[in-house]
Each structure stands twice: as C-alpha cells, then as structure tokens.
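Inspection log for the structure reproduced underneath, given as structure tokens.
Every value quoted in this text rests on a predicted model; they were computed, and no experiment measured them. All values below were derived from every heavy atom in this structure, side-chain atoms included, with hydrogens, water molecules and symmetry-related copies excluded. Each chain gets a letter, A, B and so on, in the order its sequence line appears, and its residues count up from 1.
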Amino acid sequence: MTRRILVTAALPYANGPIHIGHLVEYIQTDIWVRFQKLRGNRCLYICADDTHGTAIMIRARQEGRSEEALIADMREQHVRDFAAFDIEFDNYGSTHSDENRQVCEQIWKSVTDDGLVIEKPVEQLYDPEAETYLADRFVKGTCPKCKAPNQNGDHCEKCLSNYTPKELIDPRSTLSGATPELRQAPHRFIQLEQLHDFLNEWTQSGNHLQPEIANYLKGHFLGDELRDWDVTRPPAYFGFEVPDFPGNYWYVWFDAPIGYIGSTLQWCKAHGESLDDWWRSPDCEVHHFIGKDITYFHTLFWPGVLKTAGLSLPEKVHIHGFLTVDGEKMSKSKGTFIQASTYADHLDPSYLRYFFASKLSSKVDDLDLNLDEFKAKVDSDLVGKVVNIASRCAKFVEDKTLSKSYPDDGMLFRRGALAADRIAEHYENCDFSSAIREIMFLADQANQYIESKQPWKLRKDQLKRGELREICTVGLNLFRQIVVYLGPVLPKLVQQTNELLSEPIQHWDDAKSPLLGTTVNTFQHMLQRVDPEQVEKMIEDTKDAQVTEASGDSATSPYDDGPEALATEPLSGEECTYDDFVKVDMRVARVVAANHVEGADKLLQLTLSLGGDVTRNVFAGIKSVYDPEQLVGRLVICCANLAPRKMRFGLSEGMVLASGPGGKDIFLLNPDEGAKPGMRVH
RNA sequence: GGGGCCGUAGCUCAAUCGGUUAGAGCAGCGGACUCAUAAUCCGUUGGUUGCCAGUUCGAGUCUGGCCGGCCCUACCA
C-alpha cells in the first residue's frame, strides 16, 4: 500500500551558514525520504529558513541593509549548500512568507478561540539606543556576587552563580553598548497547562517518541504544571505582527515550526494540491526530524498547538544527538567547526553521507566524526568493497551485453533479494547503521564470488567467453543490487550505475530481479579514496575562515578590535597545562625606584617592592616609552621567580609584564585598584 | 544539589525474553592471488563485558554500591 508521508527537518536559522553539524540532520532526513520514495511511497521533504527574531534584526542593522535582503542572501547560501550534499527538498520555504503568515494567523485564531491565550506584563531590560528589548544573552555586566567584570546576563562564569540581568552591576547592551533600562510591556502567553492531560497521553503512548525522550519529558516537565509559553514580543522585533495585538510580534519560536506548514502550503499552491490532504488527513503521516536541543518545542509545545488547531499530530518525532569531531565538541579554534561549503570545497559529499549513514541509529546518542575512521570507512567500504565489484567485472564485458538469462550463482542474488525486507526495516526505523552492516555483508559475498570464479583466467581462453560473461553478469547484478540498497544514501552512485548498465534504478524492488541483456558501458571510476591532504586543508581553511570572520565582525561590533595584534604575534599552538602555568609566580609589585641605566639604550633599572621589605632589582626594556619619574609609585605585575640573570649593568631578578610588539608600542600591565604589592596573580 | 544516558577486542559497534563456547567490520599478524583505485581472498592473534557485591540452575543483560565519561537541569524552557 502506498503511504503518504510528510517529512520535515528543523529549519536552519538565517543568521549563519550551514555547518557539518547541521548536515547530520538534513542528511539523515534526506536518506529517509529517498528511501520512502524509492519504496514507492508518496513523500514530501519540507524545510525552510527560520528568519525572524532579534538576532536577524540586529545583524541587518549592523550590515546596513534590510532584514529581507539579509535573509534572501542567507537563503541562497543555504540552498546552495544543501544542493552540494544532494539534499533534495520538495519545498524549501521561508518563515517570512505570505503562506506562513496566513497559517500563523489561522493557528493563532484557534488557540485564542480555545481560550489558551492570556496577557501578562513582562519586565525586561531595554536598550534605548537600539530601541529593542534585550534577551539575556545580549546583556553583559559585572557579576553581582563575585564582582567579576564582563559576565553574561544570566550567569557568571567566574563564580558560577545565577541571577537575572536586572541584578547585574553596570549592565550594558552588547548591541549598542548603551546602559539598558528596565521596562515593562504586555506579552501574550499560551497556557500549555490546559493541554497537560493530552500531552501526558500523547507523549507516553503510541510510539511517537523514542523511549528515552518520553522518559525525559515525563521526568522533567510532565510531573509539574506546564509553564505558560511567552509567544509575543514588543517592538522593535523582526517578525509578523499579531493581528489582535497591534504593535506586537510573534516570537520566532512561535512561527518557526508553523513554517513547516507554511512551506507545505507553498508547495501545495505550486502543485495544485490541498493543504488539508497533508496536514488534516488521517491518511498522511507527519514525521519531524530534529536535534535533541529543541526537544521541548517539538514534543510539548508543538503537539499542543497542532492539537488545538485541529491539525495532524506527528506520527513520529525523530530526535538525533549532536555531532562531535574527533571526540570533541566542534571547535572553531581547532578547525573542526567545519562549514558545509568548506567541506565541499575539499571532499566528496558522498563520503559524508555514507559516513553518517554508517553511524546513525534510532538512538539520541551523539555521533562522532573521527577523521581517521572517516577515511578508513569510506576507503574500505565504498572503494575497496562496493565499487570494486563493478570495477573488476565491467572491463571484461565492456561494450557487450549481459547474459540473456540469469546464470546459476549459488543463490547469491536470491539471498541478496531476500535481505531487501530486513534492510528496508532498518531504514524505516532509522537504524541506518544496521542497514549498512547488512549491505556490506552482501558486498563481501560478491567479492568472494568473483574471487572463486577467477574471471581473469577465463578471459585468456576464447572458448570460455560465454562463461566469463555469465560471471560478470552475476557480479554486476550483485553490484547493482547493493547500489539499490545504498541508493537512499548515495544518489550519485545510483546515477553512475544507471549509466554503466544502461537501465535506471527506479524502485526498491529493482533489487529483486536481475538485469539481463542490457549493454555494459565503459567503466569509469565512481569514487576516489579520501585524500588525507584534502582533509588537512579543510581543517586549515576552517581555521582561516575563523580568523577572517573575527576580523569581519570587528567592523560592526561596538569594540573596534582589529586582527593586527594576533597577526603580528600569532597564538601559541602549544598547550600549557595548569601545572605549567602555576610555575610562573606572578606578583603585584610597586615601583619604588626607577633610574636610567648609563650606557643602556633601552633599559630602565627598577626597584620593585613586593610589600614589607621584600624587593627585586629588575632591568626592563621600556625606556622608549616610560620616564623613570612617572613610574615611581605605580603598581605593576612582575614575574617573581624568573631565574636571576646577570646583565652587563647588574643582576636582574625578575621581569615586568608588558604587552605590545615593542618600540613605541609597550604597555605595562597594572592591576585594578585595591591590589596590594605581594599579591599573587592567579 | 537533582535527573538521565553510557562503559563489551587497539578502534567502531552487535549479542532477541536472563540461556550453549560473547560475535562482526576495520586495524594488526601470516599466507594466496594479480581482474580491480596498493583493491580482493584465505587463515589468524586479540575480551576477567569498567570494578565490587547480590538475585538466579544460569548474568554482558536484572538489583545495589563504587569508579570513569557524556548530557540535561539548578527553581528558564
């Protein structure tokens, strides 16, 4: 029976490029969709850019253009990146579309009519210069508990305490640098608690969620009253204005999931179909693929909204973990925060599709991209095993046809065909890694078959040409069978196989009957091994892009800090352990005497007091910038345990810390007020 | 502080409901082959299933504790 299936992947935010972490989800979803289509099901892959919110508004302002121009630009980039990875959406929309506004208004009416909406005042910091309210992450200031400067709006990284942005000492907006003021504005909330019973039922029954997710929700949210969900924002905000709440906008998280429907509506208009057939029909399954970070929205808030609006509930929310690279979080400084476009500049996207497939299961576990394993797996499985089958058969029958009837192959093809249902079940359950394991077993068998038949020997004997052709017919059919199974993962390989064997793969069941009598074309390499140099270059490019990005940002941030300093003296690549660090005993010291040194061009002789009667005699190369008179009495930082060094002018017993490249650019470090000579620097 | 997940061969992962001697792939080692992109094939090494106890005729699997790692929370969602 043909199923109708609507599939979504989470909407990427229009504030940044696609990176390989995003790709886990879009590739996972793409594989699942291609699988469904190959099975003959009617399946739509729907996605869109998520375009609203403060971040977009601010960025557009900084770049001196409209939000619309910014999101149009980002959309183009996203679409290009997805295409490079063979991620094929049926519709790629935008949350900033007429269709989405229309659906938002309908849904808003439903939740309002159902009495779920309530208005409450909200007190928030407001940036009078940027004329917008500030989310916590846009406020910085001094921690109210430990007085550490430059801490986040809601917690202190120094003392780990939490607070509200209102408590911050000396708060300032990271948008404009202005001092925010406390203001109050009405917000509209959705009272999710009214749907509590429904959500208990829906999340805990019917296999809509992975078991660990159902447990998580039960333990974390469903045991208590569900909080009201703040879904509007006062101006200024980039989004859709709420019809019955003039001057206010829907919060980005309200219209983002609705974007799934808005984008579907766009597709329906283009294809003359009815939206209700996809979103209000019991005959259509809705599947969402998301990352674990947005679980709450998709498993509580979103089903609640859908239920209220009389729309289809998801048949399943498929939740995946995060991507790590070489066992660690993706890191910009390590060059593992790899953008999709950077990857595609160096490596074949098929590799990544295969690698992810070989690691993905239906669990929420994180997935690690170990670059050595990546190479080993792609080389060994795809090049060494799969493509090799075609490579070692095709030449012997080039420009000839496959046998007219299928030869005896010891049931190999038939056994491979019997695996179809098992493999399909793995795909269906998102156990791609299990599917791949089964498929690779078939590839091993095919290679064993060829080995045992030794076609390279038969080739030398004119009388055995027929037998040779039969062996190659078997080998190439086993290969094609494998390619059918890998089809959802490797669409390019399907194309290449179609060209080689002159007969397109169109359906999963093509794996069940062998190809006979068709022409075999000239074999061309289908996949190269992973080039380790390109992997290296990709990492290097990622690091470089990071530097460029940092300097690009500086033009628009309130702090005009250029990249010159780092360029002059690059960061040390070498790590220093804490133990290394504490070896250096740095102390606050007071300059009690400062003198010119006769015969020295750059040096001043300083007497530093560490408090009491502990002093150090230090020669410092700072004469070009500092006069002895102005130094006397001031506090400096010195290294107190530097091995004493005999100089031409006397013994130097330490070092005064200063920054800058030298010459006229020397800047002594001094502690903030209150520090006393002798205090250690930690 | 509260909660969750995980720990199986050098690496990545299997092992049905608690059931025979814990299995694959990769890597390693030994051999074969030479059609194939230094590919392939045959053989082989490798495990106190993190540790300790308990339940059981029987534990990788269930229970408790400990160790190690990851994640979510900390009165936000």
Side-chain angles (χ1 to χ4, degrees), chain A residues 122 135-137 153-155 160-165 189-190 192 210-221 223-231 251 253 291-302 321-322 324 326-329 355 358-361 363-398 431 433-434 436-441 443-460 468 471-472 475 479 523-531:
Chain A
V122 172
D136 292 356
R137 66 178 185 284
D154 54 354
H155 77 278
L160 299 176
S161 59
N162 290 298
Y163 41 82
T164 67
F189 292 75
I190 289 179
L192 205 54
Q210 289 127 298
E212 58 263 54
I213 297 293
N215 286 336
Y216 164 76
L217 296 175
K218 197 172 172 183
H220 275 85
F221 303 107
D224 291 321
E225 193 173 301
L226 295 168
R227 278 160 218 288
D228 295 343
W229 176 244
D230 185 352
V231 289
Y251 177 45
W253 259 111
K292 63 184 181 182
D293 51 326
I294 53 177
T295 296
Y296 177 88
F297 303 100
H298 283 83
T299 57
L300 295 176
F301 177 68
W302 180 235
F322 296 142
T324 56
D326 285 342
E328 296 181 49
K329 270 189 192 170
F355 185 80
S358 77
K359 305 285 279 187
L360 276 166
S361 75
K363 303 251 179 72
V364 190
D365 300 343
D366 289 351
L367 186 159
D368 186 44
L369 169 59
N370 177 292
L371 292 169
D372 293 334
E373 190 194 350
F374 172 76
K375 173 173 169 52
K377 201 157 204 124
V378 170
D379 287 359
S380 157
D381 289 1
L382 291 184
V383 182
K385 286 182 183 176
V386 176
V387 171
N388 187 43
I389 301 166
S391 180
R392 62 197 307 205
C393 288
K395 265 192 183 166
F396 299 144
V397 285
E398 194 175 305
D431 268 325
S433 59
S434 299
I436 297 294
R437 230 196 317 276
E438 292 252 11
I439 297 166
M440 284 311 129
F441 174 74
D444 284 339
Q445 302 251 293
N447 273 308
Q448 285 165 32
Y449 170 83
I450 296 164
E451 195 75 21
S452 71
K453 295 294 181 184
Q454 304 185 307
W456 54 93
K457 286 188 178 159
L458 298 179
R459 163 178 81 139
K460 292 168 185 163
L468 176 64
I471 290 163
C472 293
F479 170 71
F523 178 81
Q524 286 167 338
H525 283 182
M526 294 174 163
L527 269 174
Q528 304 300 317
R529 275 154 210 291
V530 176
D531 179 355

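Of the candidates B:U40, B:G25, B:U37, B:U40 carries the atom nearest the A:Arg392 side chain, counting heavy atoms from C-beta on. When the nucleotides B:U37, B:C26, B:C35 are ranked by their closest atom to the side chain of A:Ser380, B:C26 comes out on top. Among the nucleotides B:U37, B:U12, B:A14, the one closest to the side chain of A:Arg529 is B:U37. Out of B:C5, B:C71, B:C35, the shortest distance to the side chain of A:Lys292 is found at B:C71. Out of B:U34, B:U12, B:A39, the shortest distance to the side chain of A:Trp456 is found at B:U34. Of the candidates B:A14, B:U40, B:U37, B:A14 carries the atom nearest the A:Arg437 side chain, counting heavy atoms from C-beta on. The side chain of A:Lys457 lies closest to B:U34 when the candidates are B:C71, B:U34, B:U12. Residue A:Val387 places its side chain closer to B:U37 than to any other of B:U37, B:A14, B:A36. The side chain of A:Val383 lies closest to B:U37 when the candidates are B:A36, B:C70, B:U37.
Base-pair partner of B:G43: B:C29 (Watson-Crick or G-U wobble, both distances under 3.5 Å). Across the strands present, B:G1 finds its partner in B:U73; the criterion is a Watson-Crick or G-U wobble pair with both atom distances under 3.5 angstrom. Nucleotide B:C17 forms no Watson-Crick or G-U wobble pair with any nucleotide shown, as no partner meets the under 3.5 Å limit on both distances. Pairing partner, B:G68: B:C6, with both Watson-Crick or wobble hydrogen-bond distances short of 3.5 Å.
The phosphate of B:C42 has OP1 or OP2 within less than 4.0 Å of a side-chain N or O from A:Gln448. Dashed line: the shortest gap from a side-chain N or O of A:Lys385 to OP1 or OP2 of B:G25 is not under 4.0 Å.
The distance from atom CZ of A:Phe479 to atom P of B:U40 is 15 Å, rounded to the nearest whole Å. Per the geometry, CZ belonging to A:Phe396 stands 4 Å off C1' belonging to B:C35, to the nearest Å. Rounded to whole Å, atom P of B:U40 lies 12 Å from atom CG of A:Leu382. Counting to the nearest Å, the P atom of B:A36 and the CG atom of A:Asp379 are 19 Å from each other. In this structure, A:Asn388 atom CG and B:A36 atom C1' are separated by 5 Å, rounded to whole Å. Taking atom CG of A:Asp366 as the reference point, atom C1' of B:G7 lies 15 Å away to the nearest angstrom. Between A:Phe441 atom CZ and B:C13 atom P the separation is 22 Å, expressed in whole Å. Put simply, CG on A:Leu360 is 14 Å from C1' on B:U12, counting in whole angstrom units.
Residue contacts shown for A:Asp230 are absent, as no nucleic acid heavy atom lies under 4.0 Å away. Contacts of A:Met440 with the nucleic acid, taken as non-hydrogen atoms under 4.0 Å apart, are absent. When heavy atoms are screened at a 4.0 angstrom cut-off, A:Trp229 is found touching the sugar-phosphate backbone but no base atom. Using a 4.0 Å heavy-atom distance criterion, A:Val364 is classed as making no nucleic acid contact. Within 4.0 Å (heavy atoms only), A:Phe301 reaches no atom of the nucleic acid at all. Across all strands shown, A:Leu527 has heavy atoms under 4.0 Å from base atoms, whether or not it also approaches the sugar-phosphate.
No side-chain donor-acceptor contact under 3.5 Å links A:Thr324 and A:Asp366.
Between A:Cys472 and the choices A:Val397, A:Ile450, A:Leu458, the side chain to side chain contact (heavy atoms under 4.5 Å, CB included) rule is met once, by A:Val397.
To the nearest 0.5 Å, atoms CG (A:Asp431) and NZ (A:Lys363) are separated by 8.0 Å.
Remark: side-chain polar atoms of A:Ser452 are paired, donor with acceptor, to backbone N or O of A:Tyr449 under 3.5 angstrom.
A salt bridge is defined here as a Lys NZ or Arg NE, NH1 or NH2 lying under 4.0 Å from an Asp or Glu carboxylate O, and A:Asp379 with A:Lys375 meets this definition.
Aromatic ring centroids of A:Phe301 and A:Tyr296 lie 6.0 Å or more apart. You'll find the ring centres of A:Phe189 and A:Trp229 outside the 6.0 Å limit.
The number of heavy-atom neighbours closer than 6.0 Å to NZ of A:Lys453, taken from other residues, nucleotides and ligands shown, is 12 or below.
Spacing of C1' atoms, B:G43 relative to B:U8, comes out at 25 Å, to the nearest Å. If you take atom P in B:G58 and the same atom in B:U21, they sit 14 Å apart, rounded to whole Å. Rounded to whole Å, the separation between the C1' atoms of B:U20 and B:G60 comes to 15 Å. For the C1' atom pair drawn from B:G3 and B:C26, the interatomic distance equals 37 Å after rounding to whole Å. Taking the C1' atom of each, B:G23 and B:G65 are spaced 31 Å apart, rounded to whole Å. Using atom P as the reference point in both B:A32 and B:G69, the two lie 48 Å apart (nearest Å). A distance of about 23 Å separates the P atoms of B:U34 and B:G28, rounded to the whole Å. The same atom, C1', is picked in B:A9 and in B:U48; the two are 13 Å apart, to the nearest Å.
Comparing A:Ser358 and A:Phe221, the nucleotide of RNA chain B nearest to each residue sits closer to the 5' end for A:Ser358.
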